[in-house]
Amino acid sequence: KKYVMVIHGGAGTILKKNMSAEKEAAYIAVLTQALQAGYAEIKAGKTSLDAVEATIRVLENDPHFNAGKGAVFTHDGRNELDAAIMDGKTLMAGAVAGVTTIKNPISAARAVMEKSEHVMLVGAGADLFAKEVGLEIVDPKYFWTKERWEGLQKAIKEDSTKAVLDHGSKKSELFGVKNLDYKFG
Amino acid sequence: TVGCVALDKAGNLAAGTSTGGMTNKKYGRVGDAPIIGAGTYCNNQTAGVSCTGWGEFYIRNVVAKTISDLMEYKGLSLAEASKIAIDKVDKMGGNGGLIALDKQGNMTMPFNTEGMYRGAITADGKIEVSIYK
C-alpha cells in the first residue's frame, strides 16, 4: 500500500474497557474527518504543508484531543499551546510555544516558518506575531472545557506539585511524574 | 497531542504537531512537540515524523531527527529506524508513540502505551483508523 497521510491524536492509557461506545465513535469520527480534510488538499493538488495544516486544524478544533480547543490546563488554570511544522522539501521549519490566544497554533507555526526569519517564537510575542499576520485570535476562555478543568482540579487534589502525563505508567512515577491511569488527550 | 505527516502529488513530505502539553504543568514547561528534531521533523530524503508522549524523553533522545539520521546514515528502513528510536525512549523510562511516513509511501505508527489514537489514508483514499494496541 502507498500511504499519503498518517495522523495521531495522542498516545496513553487508552483501554477499550474504559471507553464508552459513544466516545469511541466520536474519536473515530473526528480522526476520519481529519484524514478526509488533508486528503482533499492532496487530491486537489495542494502541498503536503496544506494537507498537514488542514488536518491538524480539524483536530485542534475538536475538544477530544489535547491540542487547541481540547488543551489541558496548567497549574495556574491557563491553556498554553505548542505547535511545529516542517517542510521536507526545503527543510524550513516553524514553531510556537506557550501561546494562549491563537485558535489554531499549527497555522501560527506555519506563519513563523513562512513569514518570519525565525524558527520558533514563544509566549506573548508569538501571540502578537500571530495577530499581526492575520491569524484568528480568540479569548483564552475559548479553550476552556469542563472535562479538562475537572482534570486539573483532580490532579491538584491528588498532588498539586506534580504534572500529569497523557501517557502515564507505573514506571513514570519512578521519575516523579504523576500517573492517574487515564488519559487527558 | 495531535500530529500529521503528509506526502503530496509532487512527492514532497511535510510534518506537523500540536499540543496542549501536560495537565498541572508549571514554570512555562515546554515538551517535545514544538522542538524541531525532537517531536517534529521532516526531510524529503528520509521521512516526516510527529511524536506524542513524555516530552522530556523525546527531547533528550532527539527522536524525530534520530529516525531521519538512522535512515540517512545507516540506510535503515522507516520501520527499523522508528523502532530503534521508540525502543530507546522506552528503555530510558519514557513512553508514547510516533507516526512516520517516507517518500515511497511507507508508514509506521509504533507506540509503547496501551493505545494511540491514529489513522492513515492511502493514495486511493482508503482510510484506516485505530485506537487500541
Note: B/Asn24 and A/Ile156 closest approach over all heavy atoms is OD1-CG1, 3.5 Å
I'd like to check B/Glu114 versus A/Ile14 (side-chain heavy atoms, cut-off strictly below 4.5 Å). Are they in contact? no
Under a 4.5 Å cutoff for heavy-atom pairs, which residue among A/Gly68, A/Ala67, A/Ala71 has the most contacts with chain B? A/Ala67
Check: A/His8 and B/Phe111 side chains under 4.5 Å, non-hydrogen atoms: no
Looking only at heavy atoms and a cut-off of under 4.5 Å, which of B/Ala47, B/Gly48, B/Ser18, B/Gly31 has the most pairs with chain A? B/Ser18
Could you pull out the closest heavy-atom pair between A/Ala11 and B/Thr52, with the gap in Å? N-OG1, 3.5 Å
Could you have a look at B/Leu101, B/Asn44, B/Asp124 and say which one has the most heavy-atom pairs with chain A under 4.5 angstrom? B/Asn44
Do you know the tightest heavy-atom contact between B/Ala120 and A/Val6? CB-CG1, 3.8 Å
Is there a donor-acceptor contact under 3.5 Å from the side chain of A/Ser48 to the main chain of B/Asn12? yes
Any idea which heavy atoms bring A/Val72 and B/Met22 closest together, and the distance? CG2-C, 3.5 Å
What I'd like to find out is whether the side chain of A/Leu35 reaches to under 4.5 Å of the side chain of B/Val129, using heavy atoms alone. yes
Exercise: identify the closest heavy-atom pair between B/Ala123 and A/Val4: CA-CG1, 3.7 Å
Give me the contact list for residues 94-126 of chain A versus chain B, heavy atoms only, anything under 4.5 Å, ordered by residue number. A/Gly94, A/Ala95, A/Val96, A/Ala97, A/Pro105, A/Ile106, A/Val119, A/Met120
So which residue, B/Gln104, B/Arg118, B/Lys133, B/Lys25, ends up with the most heavy-atom pairs under 4.5 Å with chain A? B/Lys25
Would the number of heavy atoms belonging to other residues, nucleotides or ligands and lying under 6.0 Å from NZ of A/Lys43 be above 12? no
Which atoms of A/Thr47 are under 4.5 Å from chain B, going by heavy atoms: the side chain, the backbone, both sets, or neither? both
Test item: A/Thr13 and B/Thr113 side chains (from C-beta on) under 4.5 Å apart, heavy atoms: no
Heavy atoms from other residues, nucleotides or ligands near NZ of B/Lys26 exceed 12 (cutoff 6.0 Å): yes
Sidechain-backbone polar pair: A/Tyr39 side chain, B/Gly125 backbone, donor-acceptor under 3.5 Å: yes
Can you tell which part of A/Glu24 gets under 4.5 Å to a heavy atom of chain B, answering side chain, backbone, both or neither? both
If we define contacts as heavy-atom pairs under 4.5 Å, which of B/Gly28, B/Cys42, B/Cys51, B/Gly11 has the most with chain A? B/Cys42
Classify the angle between the aromatic ring planes of A/Tyr27 and B/Tyr117 as parallel (below 30°), tilted (30 to 60°) or perpendicular (above 60°). parallel
On a heavy-atom basis, the closest approach of A/Ile28 and B/Ile131 is CG1-CD1, 4.1 Å
Most contacts with chain B, counted as non-hydrogen pairs under 4.5 angstrom, among A/Thr32, A/Ile56, A/Thr55: A/Ile56
Taking non-hydrogen atoms and a cut-off under 4.5 angstrom, which of residues 73-92 of chain A neighbour chain B? A/Phe73, A/Thr74, A/His75, A/Glu80, A/Leu81, A/Asp82, A/Ala83, A/Ala84, A/Ile85, A/Met86, A/Asp87, A/Gly88, A/Lys89, A/Leu91
Contact leader toward chain A among B/Asn106, B/Ile36, B/Thr108, B/Asp102, where contacts are heavy-atom pairs under 4.5 Å: B/Ile36
Given the options B/Gly16, B/Pro34, B/Gly105, which has more heavy-atom pairs under 4.5 Å with chain A than any of the others? B/Pro34
